[in-house]
Amino acid sequence: MEKTSIVVFRRGGLLSRNEKWYYKNALVNVESSYKYLGLVISYNINLKNTVSDLAIRAKKAYIQILAITNKLGHIPPNIFFKLFDSKVQPILLYGEI
């Protein structure tokens with residue numbers, strides 16, 4: 001049960017104090033968001049957290065590319081764009097509808 005938690009989807013507001021969730025008589029921890037298959041899903045089904053998380057991960061990948069290219073010196077633009085397309089673009093397009 002220590003690895004078990006749930007997200008209660010609702011339009012807003014807080015869970016009432018009396019609202020408890022159980023599985024086999026054990027209290028289940030209620031979370032406000034959950035990362036499933038790399039996408040953050042929040043209780044109000046707001047995509048703001050999902051997009052923000054993807055943007056942060058894409059920015060980290062971009063910074064890694066810049067660090068590598070700075071060590072190597074000048075690289076041709078086509079190589080830079082290939083690195084971007086293989087490292088950053090998949091993160092930004094993940095879960096695209």
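These numbers come from the heavy atoms of this one structure, side chains and all, not from hydrogens, waters or symmetry mates. Since we're looking at a predicted model, the values are computed, not measured.
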Table please: side-chain donor-acceptor pairs of residues 68-86 below 3.5 Å, with sequence neighbours left out.
unit_1: T69; atom_1: OG1; unit_2: I65; atom_2: O; d: 3.1
unit_1: T69; atom_1: OG1; unit_2: L66; atom_2: O; d: 2.9
unit_1: N70; atom_1: ND2; unit_2: L66; atom_2: O; d: 3.3
unit_1: S86; atom_1: OG; unit_2: K82; atom_2: O; d: 3.1
unit_1: S86; atom_1: OG; unit_2: L83; atom_2: O; d: 3.1

Indicate every side-chain donor-acceptor pair of residues 19-28 with a distance under 3.5 Å to a residue at least two apart or in another chain.
unit_1: E19; atom_1: OE2; unit_2: W21; atom_2: NE1; d: 3.4
unit_1: K20; atom_1: NZ; unit_2: R17; atom_2: O; d: 3.3

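The side chain to side chain contact (heavy atoms under 4.5 Å, CB included) test applied to Q64 returns no partner, not counting sequence neighbours.
Of all the heavy atoms in K87 and A61, the pair that sits closest is O-CB, 4.0 Å. Closest non-hydrogen pair, V88 versus Y62, comes out as CG2-N, 3.7 Å. Between L54 and R57, the shortest heavy-atom distance links the atoms CD2-NH2, 2.9 Å. The minimum heavy-atom distance between V40 and S33, with the atom names listed, is CG1-CB, 4.1 Å.
Residues Y43 and L37 share a single hydrophobic cluster, defined by chaining ILVMFWY side chains whose heavy atoms lie under 4.5 Å apart. With hydrophobic clusters built from ILVMFWY side chains whose heavy atoms lie under 4.5 angstrom apart, L93 does not share a cluster with I56.
To the nearest 0.5 Å, atoms NZ (K35) and OG1 (T50) are separated by 9.5 Å. Distance check, rounded to the nearest 0.5 Å: CZ of F9 to OG of S42 gives 8.0 Å.
At distances below 3.5 Å, not a single donor-acceptor pair connects side-chain atoms of Y94 with backbone N or O atoms of L39.
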